[in-house]
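Beneath this line is the structure, given in structure tokens, with notes to follow.
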Amino acid sequence: MTRRIATALGLVAALCVPGQAVAEPPPPPALRPASNPALQPALHPAPQTALRPASHPTLQTAPQQASQLALQPTPRPLDLVLDGGSFTLQDAFAILDGRPVSARLAPSARTAMARTRAGALAALDDQRVYGWNQALGPLKDRPLTTEQQERFQRNILRSHAAGVGEPLPDDVVRLALVLKANQLARGHAGVRPEVPQRLLDLVNAGVVPRMPQIGSLGTGDLQPQAAAGLAAIGEDAPVRYRGQEGPASELLPRAGLPRDFTLQAGEALPIVSGSTVLAATLAHAVHRATALADQAEGAFALFMEATRAERGALDARTHAERHIPEESAVAARLRAMVAGSRWMTAEGRRRLSPEPRVQDAVSVRAAPHVLAGLRHTLADARRALTREANSSTFNPLVFRRERGPGYEFVMGGNWDGSVMGHLADTLNAEITDVAVLSQELSARLLSPRWSYGLPANLAGPPVGLNSGLVQVQTVAAALIPEMQARATPAGTLSRPVKDGQEDHNPMAMASARHLHENLDRLEIVLAVQYLMSAQGIDLIADRMTGLPLATTTSGLLTELRRYVAPLADDRYQTPDLERAIWLVRNRRLLPSGFRRSGTPG
């Protein structure tokens, strides 16, 4: 979303552009069977096919990888017929995953829009209307003549396209344009059907306007949407097309689109009014957070195996007594992930310590509750986003008169992004809490007392000569205060602008940007937990001979070990951590039972 946090080698930064296909990092040489047999137990052997360059793409050269990517078939386009009322979050996630789009307006939407447009133009004879025959913002009292109205549309876009900073990811921009078109299709903006179709033409042709992230206060998406509007009308605003960036005036014809598109009275304001960029950005965060929630549960299951945890914390009766559906669902998934494990038994615990466990620490017993809080907030966000995608979020709106013939303009504040901004703040708090939990769990693994017998620092023998993973865990600890600082709710920090005309602003785009920054950090924190839990399992595997891991946790361990070898003697740690981050970021450590989309299956 925002510029990613780079680790020392820069690999993570290079792999982090959303929507961009990235080749897998090669497995490290240490994965060869001869590297350290003692730390490669039979419970998760490295797949031998992964070691032959001819059969495994990760061991091919960059030109070979690029050639194979070019030969891969293009996914079938997502066929969307927009009517303003039936766009789904599944459609949004498909767009965010980079699927090509073929979108058009439903005939019924075209008819409704044309009817409302005629009624709106007729209503102008009797009404002074903001953004139609009156100017904007603090200048709202300045009237516009009929001759000025067409020029005014272009001026609105030029004056509002003042955003700066990193551009939004291409797939977020595509989603924002589709959302805007769907909202306009509801027929209450008073624009011609040609306006949303022009936005869809950009999407269909693969033209992506460059939308800077900084500028929106959540009181509509004025700056980024104005940039898209300038591109749509063929001005020199930058767009990207087939890997090239340049002015829309040059690239639109190359994409097979007419260069020029003229907006008529009242048609620029609905483009910039509304919160579609915010909605697209939040949908992107929900999509990312869902996949990370899935992987957080997998990381916790692997931690439970490493510490031979008691299953009592997952007992269905306990969670049913709390009456939180998400909590019961998390506990059920965790029970399934560790089903069949002989490590998490009294016999497994006796292998390292003869003393009874009695009960695990709070971080272990409360983990289903913490993870359920994230799931609960994600469900709230999905409901809000579905409503948002199928609502009219501009000002003014045009309605048929309740009494009498014709249409009328109604001024309101439907562009306000408060609900989504506060949801972003809440979601940020939840993922930060999950990160804190993850960091606490990985820290437990360093202590023989807290981990119930794992070697100190998760070091290979001889401990002391080898220092193990203590500094890897510190990476996670270093990110926690950064996450906590950015989890402060930006939605409570309103300030007035524009001569008091906009005297309350939800600051929702700041909330969304902070959320994505913290999702970047959570990826790293979870990668640390995966690395350390896997190391803990490997270090005691010889003492657990005859006791199998659960099928799901064994599968997670095998996938991780395809890319990161167990640690025996100390070695350079950054590449290991970067590979683990890549696995999390690319949803490669989803537990079985979860779809690749990051949704429980």
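Excluded from the calculations below are hydrogen atoms, water molecules and symmetry mates; all remaining heavy atoms, backbone and side chain alike, are included. Numbers here simply count residues along the sequence, with the first being 1. Keep in mind the model is a prediction, meaning the values are calculated, not measured.
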For the residue pair Val272 and Phe394, establish whether any side-chain heavy-atom pair is separated by less than 4.5 Å. no

Within a strict 4.5 Å, meaning less than it, do heavy atoms of the Glu517 and Met483 side chains meet? no

Inspect the contact between Arg259 and Glu250 and indicate whether a charged nitrogen and a carboxylate oxygen are less than 4.0 angstrom apart. no

Atom of Glu388, atom of Ala279 and distance for their closest heavy-atom approach: CG-CB, 3.8 Å

Would you mind reporting whether Ile95 and Leu80 have side-chain heavy atoms less than 4.5 Å apart? yes

With a 4.0 Å cut-off on N to O distance, would you call Arg210 and Glu166 a salt bridge? no

Which pair of non-hydrogen atoms, one from Ile214 and one from Gly165, has the smallest distance, and what is that distance? CD1-CA, 4.2 Å

Just by distance, do the side chain of Ser438 and the backbone of Val434 share a donor-acceptor pair under 3.5 Å? no

Evaluate side-chain contact (heavy atoms from CB on, under 4.5 Å) for Arg513 paired with Arg486, printing each intermediate quantity in order. CA-CA 9 Å; Arg513 282 164 45 77; Arg486 284 164 180 79; over 6 Å; no

Hey, does the side chain of Lys180 reach the backbone of Pro270 with a donor-acceptor pair shorter than 3.5 angstrom? yes

Residue pair Arg104, Asp79: steps toward the side-chain contact (heavy atoms from CB on, under 4.5 Å) verdict: CA-CA 8 Å; Arg104 62 194 183 278; Asp79 187 30; 2.7 Å; yes

Sorted by chain and residue number, the salt bridge (charged side-chain N to carboxylate O under 4.0 Å, His left out) partners of Arg186 (sequence neighbours excluded) come out as none

Start with the C-alpha distance between Phe409 and Leu397, add both sets of side-chain angles, then the distance that settles side-chain contact (heavy atoms from CB on, under 4.5 Å), and finish with yes or no. CA-CA 6 Å; Phe409 290 90; Leu397 295 176; over 6 Å; no

Does the side chain of Ser511 come under 3.5 Å of the side chain of Asp425 through a donor N or O and an acceptor N or O? yes

Parallel, tilted or perpendicular: which fits the ring planes of His287 and Phe93, with parallel below 30° and perpendicular above 60°? parallel

Please check: side-chain N/O of Asn182 versus main-chain N/O of Ala389, any donor-acceptor pairing under 3.5 Å? yes

Applying salt bridge (charged side-chain N to carboxylate O under 4.0 Å, His left out), name anything that partners Arg192, two or more places apart in sequence or on another chain. Glu267

Taking all non-hydrogen atoms of both residues into account, name the closest pair between Ala109 and Leu82 and its distance. CB-O, 3.9 Å

Please examine the side chains of Val398 and His188, heavy atoms only from C-beta on, and report whether any two atoms are closer than 4.5 Å. no

Looking only at atom types and distance, does a side-chain atom of Asn586 sit under 3.5 Å from a main-chain N or O of Trp582, one as donor and one as acceptor? yes

CG (Leu200) and CG (Leu184) are apart, to the nearest 0.5 Å, by 9.5 Å

In this structure, CG of Leu230 is separated from CD of Gln225 (nearest 0.5 Å) by 11.5 Å

List the atom of Pro196, the atom of Val191, and the distance in Å for their closest heavy-atom pair. CD-CG2, 4.2 Å

Criterion side-chain hydrogen bond (donor to acceptor under 3.5 Å, both in side chains) against Tyr563, the qualifying member of Glu578, Arg579, Arg588: Arg588

With Asp260, which residues qualify under salt bridge (charged side-chain N to carboxylate O under 4.0 Å, His left out), at least two apart? none

Quick one, Val239 and Val208 - any side-chain contact, counting heavy atoms below 4.5 Å? no

pair Arg382-Val286: side-chain heavy atoms closer than 4.5 Å: yes

In Å, rounded to the nearest 0.5 Å, how long is the span from NE2 of His514 to CG of Leu519? 13.0 Å

Testing the 3.5 Å rule here: is there a donor-acceptor pair between the side chains of Asp221 and Ser275? no

Asp380 and Thr377 side chains, donor-acceptor separation under 3.5 Å: no

Taking atom CZ of Arg585 and atom CD of Gln295, what is their separation to the nearest 0.5 Å? 11.0 Å

Using a 3.5 Å distance criterion without hydrogens, assess whether the side chain of Asp201 forms a donor-acceptor pair with backbone atoms of Asn204. no

Got a second to check how far Gln153's CD is from Ile271's CD1, nearest 0.5 Å? 8.5 Å

Would you sort out whether Arg387 and Arg383 count as a side-chain contact (heavy atoms from CB on, under 4.5 Å), showing the intermediate values? CA-CA 6 Å; Arg387 291 195 305 264; Arg383 285 189 290 269; 4.2 Å; yes

Has the side chain of Thr116 got a donor or acceptor atom that lies under 3.5 Å from a matching backbone atom of Gly187? yes

Ion pair present between Glu430 and Arg375, side-chain N to carboxylate O less than 4.0 angstrom? no

Would you check if Tyr530 and Leu583 make a side-chain contact, meaning some heavy-atom pair closer than 4.5 Å? no

Ala161 and Ala227 have their tightest heavy-atom pair at CB-N, 4.0 Å

Indicate whether any N or O donor in one side chain lies under 3.5 Å from an N or O acceptor in the other, for Tyr407 and Arg115. no

One thing to verify: whether Arg174 and Asp171 come together as a salt bridge, which I'm taking to mean a side-chain N less than 4.0 angstrom from a carboxylate O. yes

Is there a side-chain contact between Glu523 and Leu292 (heavy atoms, below 4.5 Å)? yes

Assess whether salt bridge (Lys or Arg N to Asp or Glu O under 4.0 Å) is satisfied between Asp91 and Arg99, documenting all intermediate values. CA-CA 10 Å; Asp91 296 332; Arg99 187 170 167 185; over 6 Å; no

Ignoring hydrogens and geometry, is there a side-chain-to-backbone donor-acceptor pair from Asn390 to Phe87 under 3.5 Å? yes

Salt bridge or not for Arg587 and Asp97, using N-O below 4.0 Å? yes

What are the two closest heavy atoms between Val564 and Ala580, and how far apart are they? CG2-N, 4.4 Å

Ser273 (side chain) donor-acceptor with Asn395 (main chain) under 3.5 angstrom: yes

Can you tell me how far the CE atom of Met420 sits from the CG atom of Leu385, to the nearest 0.5 Å? 7.0 Å

Side-chain donor/acceptor of His160 to backbone N/O of Ile156, under 3.5 Å: yes

